[in-house]
Novice: 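My structure is below; once you've seen it, I'll send some questions.
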Amino acid sequence: MRLLTHNTLRNSSQKAKGEGFPLKITATEIRVEEAPVLTEDEQQLSFVKGILGMLDWSALVKAASEMGLENALPPMLTEDLVKDEDFLRALFHVLMNVHLVNGILTCPVTGREFPVMDGIPNMMLEEEECEAVRI
Amino acid sequence: KYDSASRMIGIQREITDRAIELLRLDSSKPSFILDIGCGSGLSGQVLEEHGHVWVGCDVSRDMLTVANERLTRQPKEDAKMLDEDDEEDEEENPSTGDLMHHDMGTGLPFRPATFDACISISALQWLCYSNAKNQIPKKRLVRFFSSLYTVLRRGGRAVLQFYPETAEQAILISECAAKVGFAGGIVVDYPNSAKAKKHYLVLSFDKAQKQPQGLTDASLLHNSTGVRVDSEEKSQKRRPVRKKKGVKTKEWIIHKKETQRRRGKEVRPDTKYTARRRPHKF
């Protein structure tokens with residue numbers, strides 16, 4: 001599970017009441033890819049620019065440090081940084097190439113744990129845990 | 001001749017390509033796409049070939065294990081079959097996909113407005129069946145569509161290919177999607193062929209948008225048999241009709257020639273002699 005995916009994940013159970021984000025990472029095994037994921041630099045840059053508005057920056061910084069990347073990212077996103085292509089390339093690397101292989105994700109509100117095994121988080125909820133639906 | 005496994009793979013690829021086409025994505029940059037019911041990662045691989053970044057969910061741990069092997073480039077038994085196109089050889093890069101063990105009927109566990117688009121290949125119909133005593137299909141469908149509405153970015157689209165067992169299932173699915181506020185509907189490709197027929201639920205946020213047309217193939221009309229499940233749905237194009245048994249109209253012949261051209265066959269050009277009655281044999 002890469003940091004990009006983690007930045008989008010939340011605990012969608014009824015108890016979390018829409019606040020189950022960000023999930024705290026307890027990492028036991030991490031993998032960092034060195035090879036480029038998208039072949040062209042231009043593709044990487046355009047992708048990062050496209051999702052920049054969607055990212056929750058403070059959650060990303062926190063998650064990166066929980067994964068052992070203490071000072072990889074600046075605490076705040078400034079306009080200058082957004083225009084800096086080297087920064088964007090480094091951000092792409094942090095988002096796409098740092099994988100949680102084994103560990104646990106914990107909901108900040110309910111404490112509910114979601115195990116991660118072999119890079120795959122288990123987000124399965126029981127029917128009783130789910131949000132109520134009016135049909 | 002295909003063996004059944006590689007034929008299935010071929011069909012799933014075709015369906016995924018068509019779903020991506022129906023998404024009408026901005027081709028200038030890679031998109032961030034959610035693949036629901038990603039299974040063994042075949043559709044995800046196609047998304048990667050189109051240059052996108054994706055997150056796949058599936059309820060089956062076993063399927064995800066297979067998909068994971070594909071993602072982390074470990075040798076697999078059926079890797080040989082995919083080598084036909086030399087695609088594995090071209091891709092030296094790690095995958096752009098991520099996997100998640102999750103049941104779509106429980107609601108998608110993502111923050112609002114995170115994904116540019118969503119696809120689903122041959123998975124949605126499973127929501128119509130209860131897996132446990134306390135599961136109600138309609139509830140799961142509404143919960144799923146409601147969460148999908150939330151996690152898609154505004155202006156994004158979802159294309160979900162599925163196999164409805166009955167007309168009622170197709171109606172239930174599209175009603176639940178409409179209920180949560182989605183615009184769109186079902187696009188049917190090859191409506192007259194029992195074998196080739198495919199249903200795509202195409203959803204967006206814009207009610208003013210025109211629905212894409214389903215594919216049709218005039219030559220398949222002759223082979224259509226059996227009861228049509230969706231008798232309420234009409235094919236988008238008015239197909240040209242034969243005047244009476246054995247007599248082909250000019251319109252029909254030109255339409256058929258066009259179809260053959262589209263399939264890449266060699267066809268004589270249309271001239272003033274096209275469809276003209278030939279002189280009687282000596």
Side-chain angles (χ1 to χ4, degrees), chain A residues 1-2 4-14 16 18 20-23 31 33-40 42-51 53-56 59 95-97 99 101 114-135, chain B residues 26 28-32 34 48 51-59 61 64-65 67-68 71-72 90-103 105-116 131-136 138-144 146-147 150-151 153 176 179:
Chain A
M1 181 196 65
R2 33 175 64 105
L4 170 60
T5 308
H6 169 265
N7 197 259
T8 64
L9 275 182
R10 68 178 186 95
N11 176 9
S12 57
S13 75
Q14 170 91 312
F21 174 87
L23 300 173
R31 182 181 89 242
E33 299 271 4
E34 290 306 338
V37 169
L38 285 174
T39 38
E40 288 162 30
E42 201 188 297
Q43 280 186 313
Q44 296 193 7
L45 288 175
S46 64
F47 179 69
V48 172
K49 286 179 196 166
I51 54 152
M54 173 274 277
L55 295 173
D56 183 312
L95 286 170
M96 295 295 289
N97 294 337
H99 300 264
V101 180
F114 300 95
V116 180
M117 276 199 313
D118 233 354
I120 303 176
N122 182 340
M123 307 301 295
M124 295 285 283
L125 292 180
E126 298 296 319
E127 181 66 33
E128 300 83 50
E129 289 180 272
C130 295
E131 287 172 347
V133 170
R134 263 241 196 102
I135 54 168
Chain B
D26 172 2
S28 66
K29 62 175 176 68
S31 292
F32 188 37
L34 179 61
E48 276 182 40
H52 301 300
V53 175
W54 58 282
V55 174
C57 303
D58 205 279
V59 68
R61 192 85 214 195
L64 288 172
T65 305
N68 213 8
L71 287 199
T72 51
E90 277 172 22
E91 281 187 87
E92 297 295 340
N93 310 311
S95 165
T96 56
D98 241 351
L99 301 170
M100 180 176 314
H101 188 202
H102 176 260
D103 175 358
T106 61
L108 299 164
F110 303 104
R111 278 192 294 118
T114 44
F115 292 100
D116 295 325
N131 301 324
K133 220 169 153 195
N134 57 357
Q135 283 181 355
I136 303 166
K138 191 168 182 190
K139 228 181 170 185
R140 285 163 57 76
L141 277 164
V142 172
R143 192 155 52 206
F144 164 69
S146 171
S147 64
T150 306
V151 309
R153 288 169 93 168
C176 290
K179 196 186 178 78

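It should be emphasised that the depicted structure is a prediction, and the values quoted were computed from it without experimental measurement. Hydrogens, waters and symmetry mates are skipped; everything else that's a heavy atom, side chains included, is used.
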Novice: Just give me the residue among B:Ile136, B:Val55, B:Val53 that pairs up with chain A most often, heavy atom to heavy atom, under 4.5 Å.
Specialist: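 Answer, by heavy-atom pair count under 4.5 Å with chain A: B:Val53.
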Novice: Determine the minimum heavy-atom distance between B:Arg111 and A:Asp56, stating which atoms define it.
Specialist: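 Smallest interatomic distance, heavy atoms only, reads NH2-N, 3.4 Å.
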Novice: If we define contacts as heavy-atom pairs under 4.5 Å, which of A:Val133, A:Asn7, A:Ile120, A:Leu125 has the most with chain B?
Specialist: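 Highest number of pairs under 4.5 Å: A:Ile120.
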Novice: Under a 4.5 Å heavy-atom cutoff, which of A:Asp118, A:Ile51, A:Leu55 has the most pairs with chain B?
Specialist: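 If we count pairs closer than 4.5 Å to chain B, A:Asp118 comes out on top.
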Novice: Counting heavy-atom pairs closer than 4.5 Å to chain A, which one of B:Arg143, B:Met100, B:Lys179 comes out on top?
Specialist: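 So the answer, after comparing B:Arg143, B:Met100, B:Lys179, is B:Arg143.
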Novice: Restricting to non-hydrogen atoms, name the atom on A:Arg10 and the atom on A:Phe21 that form the minimum distance, rounded to 0.1 Å.
Specialist: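 That closest heavy-atom pairing would be CB-CB, 3.9 Å.
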Novice: Can you say whether A:Asn11 sits under 4.5 Å from chain B via the side chain, the backbone, both, or neither, judging by heavy atoms?
Specialist: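 Neither the backbone nor the side chain of A:Asn11 comes within 4.5 Å of chain B.
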Novice: Does any N or O in the side chain of B:Ser95 come within less than 3.5 Å of the main-chain N or O of B:Leu71, such that one atom is a donor and the other an acceptor?
Specialist: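 The answer is no, because no donor-acceptor pair under 3.5 Å joins these two groups.
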Novice: May I ask you to decide whether A:Glu33 forms a salt bridge with A:Arg2, counting only side-chain N to carboxylate O separations under 4.0 Å?
Specialist: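 No.
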Novice: Could you tell me which of A:Glu42, A:Glu127, A:Glu126 has the largest number of non-hydrogen atom pairs under 4.5 Å with chain B?
Specialist: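 Option with the greatest count: A:Glu127.
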Novice: Which atoms of B:Ser31 are under 4.5 Å from chain A, going by heavy atoms: the side chain, the backbone, both sets, or neither?
Specialist: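 Backbone only.
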Novice: Please determine whether side chain to side chain contact (heavy atoms under 4.5 Å, CB included) holds for the pair A:His6 and A:Leu23, giving the CA-CA distance in whole Å, both sets of side-chain angles, and the decisive distance to 0.1 Å.
Specialist: CA-CA 8 Å; A:His6 169 265; A:Leu23 300 173; 4.1 Å; yes
Novice: Work out which heavy atom in B:Asp116 is nearest to a heavy atom in B:Arg153; give both atom names and the distance.
Specialist: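 Smallest heavy-atom distance, with atoms named: OD1-NH1, 2.8 Å.
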Novice: For residues B:Gly107 and A:Ser12, report the shortest heavy-atom separation together with the two atoms involved.
Specialist: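 Scanning both residues completely, I find the closest heavy atoms to be O-OG, 3.8 Å.
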Novice: Does any heavy atom of chain B fall under 4.5 Å from the side chain of A:Leu45, the backbone, both, or neither of them?
Specialist: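 It is neither, since no heavy atom gets under 4.5 Å.
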Novice: I'd like to verify something: which residue of B:His101, B:Lys139, B:Arg140 has the highest number of heavy-atom pairs under 4.5 Å with chain A?
Specialist: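 So the answer, after comparing B:His101, B:Lys139, B:Arg140, is B:His101.
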Novice: Give the member of A:Gly50, A:Ser46, A:Pro121 that has the highest number of heavy-atom pairs under 4.5 Å with chain B.
Specialist: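 Greatest number of close heavy-atom pairs with chain B: A:Pro121.
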Novice: When you compare the side chain of A:Asn122 with that of B:Arg61, does any pair of heavy atoms fall below 4.5 Å?
Specialist: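 B:Arg61 vs A:Asn122: side chains touch.
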Novice: Taking side chain as everything from C-beta outward and backbone as N, CA, C, O, which of these in A:Phe47 sits under 4.5 Å from a heavy atom of chain B? Side chain, backbone, both or neither.
Specialist: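 The answer is both parts of A:Phe47.
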